[in-house]
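The figures that follow rest on heavy atoms only: side chains count, while hydrogens, waters and symmetry mates do not.
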Amino acid sequence: MKKIKNIIILLTLIIISLLINNISFAQPQIQIISNKQTIKKDEEINIKLQIADTPIAACTLEIYFDTSRLEYINGPENSNYSNNRIIYTWVSSTGKNQQGIETEAFQFKVLQEENTNIAVFGEFYNEQGEKVEIENSNIELKVKEYESNINQITDNIEQTRSK
């Protein structure tokens, strides 16, 4: 009877250790926030970046996009456009960790009627100067084609006539 209890306890411990090793905790991620869900050619779109779940004291972000589909117009004062990427740096004014960091808007203009992506990579540090792991992120921007005025007028006439 004692052997059976020991075997049951041993098996229980093995199962628990296997379950703990297989549990993966979600890693914090950079959030990309767009002011529009779909955009049209020649429209402008604003993108903000947010690090909400992890306290950090400093970061450097690199923002990549297809320069044939988007034109970078402007961004926060502490950003720089160089070599087809935007580099953004932020340091806590107190030198202490802060949570809920959100950038000012990065403004782009749509150049083509094709969907495109914006990808963000970063390095993050806490107040002790230790690197903090935060997942990179990307967003797909849906670009809607313009309908010609003739098609819109024709559709309106057909809808009116069917009533």
Side-chain angles (χ1 to χ4, degrees), residues 16-153 155-156:
I16 289 172
S17 68
L18 289 174
L19 288 174
I20 289 173
N21 287 334
N22 288 332
I23 294 173
S24 64
F25 296 98
Q27 188 173 11
Q29 186 175 27
I30 304 166
Q31 299 296 316
I32 303 173
I33 303 164
S34 170
N35 68 329
K36 297 178 183 177
Q37 295 301 316
T38 57
I39 47 180
K40 296 179 182 177
K41 184 179 177 188
D42 296 325
E43 275 189 337
E44 292 181 0
I45 185 167
N46 292 323
I47 302 293
K48 290 184 178 184
L49 307 175
Q50 185 179 64
I51 301 106
D53 300 332
T54 305
I56 59 171
C59 71
T60 299
L61 302 174
E62 294 181 44
I63 304 166
Y64 293 90
F65 59 97
D66 185 342
T67 57
S68 68
R69 295 181 183 177
L70 292 174
E71 175 186 354
Y72 176 62
I73 298 174
N74 65 32
E77 187 176 312
N78 48 337
S79 65
N80 184 33
Y81 179 66
S82 175
N83 297 324
N84 294 327
R85 68 180 173 166
I86 303 166
I87 299 173
Y88 172 84
T89 57
W90 174 83
V91 177
S92 167
S93 59
T94 62
K96 301 288 182 190
N97 288 341
Q98 292 185 18
Q99 197 162 338
I101 310 303
E102 184 174 294
T103 68
E104 293 176 34
F106 294 89
Q107 189 175 21
F108 297 88
K109 180 179 178 182
V110 179
L111 299 176
Q112 291 187 20
E113 292 177 341
E114 295 180 45
N115 292 349
T116 189
N117 290 308
I118 294 178
V120 181
F121 301 87
E123 289 186 8
F124 307 88
Y125 297 92
N126 63 22
E127 61 190 43
Q128 288 81 30
E130 301 164 334
K131 193 168 186 176
V132 176
E133 293 299 322
I134 297 178
E135 278 189 38
N136 303 321
S137 189
N138 67 54
I139 187 173
E140 181 179 17
L141 302 176
K142 304 283 185 187
V143 180
K144 192 175 187 179
E145 293 183 29
Y146 279 121
E147 292 180 18
S148 72
N149 287 337
I150 293 172
N151 289 341
Q152 290 176 348
I153 292 168
D155 289 345
N156 289 340

Enquirer: If only atom types and distance count, is the side chain of D53 paired as donor or acceptor with the main-chain N or O of P28 below 3.5 Å?
Expert: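 No: the side chain of D53 does not pair with the backbone of P28.
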Enquirer: Please list, chain by chain and in numerical order, all residues satisfying side chain to side chain contact (heavy atoms under 4.5 Å, CB included) with N80, sequence neighbours excluded.
Expert: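 Listed in chain order: S82.
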Enquirer: Restricting to non-hydrogen atoms, name the atom on G95 and the atom on A57 that form the minimum distance, rounded to 0.1 Å.
Expert: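 Minimum heavy-atom contact is O-CB, 4.0 Å.
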Enquirer: For residues N138 and A119, report the shortest heavy-atom separation together with the two atoms involved.
Expert: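 So the minimum-distance heavy-atom pair works out to CB-CA, 3.8 Å.
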Enquirer: Output the distance between atom CD1 (I47) and atom CG (L70), rounded to the nearest 0.5 Å.
Expert: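 Answer for the CD1-CG pair, I47 versus L70, is 8.5 Å.
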Enquirer: Please identify each residue that fulfils side chain to side chain donor-acceptor pair (under 3.5 Å) with S68, with sequence neighbours left out.
Expert: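 S68: side chain to side chain donor-acceptor pair (under 3.5 Å) contacts with D66.
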Enquirer: Can you list everything that forms a side chain to side chain donor-acceptor pair (under 3.5 Å) with N83? Sequence neighbours excluded, please.
Expert: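 Not a single residue meets the side chain to side chain donor-acceptor pair (under 3.5 Å) criterion with N83.
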Enquirer: Minimum heavy-atom separation for N136 to G122, with atom names?
Expert: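 Taking every non-hydrogen atom into account, OD1-N, 3.4 Å.
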Enquirer: Output all residues satisfying side chain to side chain contact (heavy atoms under 4.5 Å, CB included) with E77, sequence neighbours left out; order by chain, then residue number.
Expert: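 For E77, no residue satisfies side chain to side chain contact (heavy atoms under 4.5 Å, CB included) once neighbours in sequence are set aside.
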Enquirer: Does V143 offer a backbone N or O that forms a donor-acceptor pair with the side chain of N115 under 3.5 Å?
Expert: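 Answer holds: yes.
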Enquirer: Identify, with sequence neighbours excluded, every residue that meets side chain to side chain donor-acceptor pair (under 3.5 Å) alongside E123.
Expert: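 Side chain to side chain donor-acceptor pair (under 3.5 Å) check on E123 returns Y125.
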Enquirer: How would you list, by chain and number, every residue that makes a side chain to side chain donor-acceptor pair (under 3.5 Å) with E114, sequence neighbours excluded?
Expert: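 Here the qualifying residues are R69.
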Enquirer: Kindly indicate, with the supporting measurements, whether the criterion side chain to side chain contact (heavy atoms under 4.5 Å, CB included) is fulfilled by V120 and Y88.
Expert: CA-CA 10 Å; V120 181; Y88 172 84; over 6 Å; no
Enquirer: Where do S79 and P76 come nearest, in terms of heavy atoms and distance?
Expert: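 Reported closest heavy-atom pair: OG-O, 2.6 Å.
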Enquirer: How long is the gap from OG on S137 to CD1 on I118, to the nearest 0.5 Å?
Expert: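 So the OG of S137 and the CD1 of I118 are separated by 10.5 Å.
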Enquirer: Between side-chain atoms of residues 99-111 and protein atoms elsewhere (two or more places apart, or another chain), which donor-acceptor pairs fall under 3.5 Å?
Expert:
from: Q99; atom 1: NE2; to: A52; atom 2: O; distance (Å): 3.4
from: E102; atom 1: OE1; to: Q50; atom 2: NE2; distance (Å): 3.0
from: T103; atom 1: OG1; to: L49; atom 2: N; distance (Å): 3.0
from: Q107; atom 1: OE1; to: N74; atom 2: ND2; distance (Å): 3.4
from: Q107; atom 1: NE2; to: E44; atom 2: OE1; distance (Å): 2.4

Enquirer: Between atom CD1 of I39 and atom CG of D42, what is the distance when rounded to the nearest 0.5 Å?
Expert: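 Answer for the CD1-CG pair, I39 versus D42, is 11.0 Å.
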Enquirer: Can you run down the ring-ring contact (aromatic ring centres under 6.0 Å, His included) pairs that involve residues 43-64, sequence neighbours left out, and say none if there aren't any?
Expert: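 Residue pairs passing ring-ring contact (aromatic ring centres under 6.0 Å, His included), neighbours aside: Y64-F121.
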Enquirer: To the nearest 0.5 Å, what is the distance between NZ (K144) and NZ (K36)?
Expert: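 Going from the NZ atom of K144 to the NZ atom of K36 covers 12.5 Å.
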Enquirer: Looking only at non-hydrogen atoms, find the nearest pair between N126 and Q128 and report the distance.
Expert: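 Scanning both residues, the minimum pair turns out to be OD1-N, 3.0 Å.
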Enquirer: At what distance, to the nearest 0.5 angstrom, does OG1 of T116 lie from CD1 of I45?
Expert: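 These two atoms lie 10.0 Å from each other.
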Enquirer: Any salt bridge (charged side-chain N to carboxylate O under 4.0 Å, His left out) pairs touching residues 78-87, not counting sequence neighbours?
Expert: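 Qualifying pairs, neighbours excluded: E62-R85.
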Enquirer: What pairs with T60 under side chain to side chain contact (heavy atoms under 4.5 Å, CB included), at least two apart in sequence or on another chain?
Expert: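 Scan of T60 (side chain to side chain contact (heavy atoms under 4.5 Å, CB included), adjacent residues dropped) gives I87, T89.
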Enquirer: Could you work out, with salt bridge (charged side-chain N to carboxylate O under 4.0 Å, His left out) as the rule, every residue matching E140, not counting sequence neighbours?
Expert: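 Scan of E140 (salt bridge (charged side-chain N to carboxylate O under 4.0 Å, His left out), adjacent residues dropped) gives K142.
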Enquirer: Rounded to the nearest 0.5 Å, what's the gap from CD1 on I139 to CD on Q31? Could you check?
Expert: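 Separation between the atoms: 9.5 Å.
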Enquirer: Please name all residues satisfying side chain to side chain contact (heavy atoms under 4.5 Å, CB included) with Q37, sequence neighbours left out, ordered by chain then number.
Expert: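 Side chain to side chain contact (heavy atoms under 4.5 Å, CB included) list for Q37, sorted by chain: empty.
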Enquirer: Kindly give the heavy-atom pair with the smallest separation between N35 and N46, and that separation in Å.
Expert: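 So the minimum-distance heavy-atom pair works out to OD1-N, 2.8 Å.
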Enquirer: With side chain to side chain contact (heavy atoms under 4.5 Å, CB included) as the criterion, how do W90 and L61 come out once you've worked through the C-alpha distance, each side chain's angles and the decisive distance to 0.1 Å?
Expert: CA-CA 9 Å; W90 174 83; L61 302 174; over 6 Å; no
Enquirer: Would you please test T54 and F124 for side chain to side chain contact (heavy atoms under 4.5 Å, CB included) and show each step?
Expert: CA-CA 10 Å; T54 305; F124 307 88; over 6 Å; no
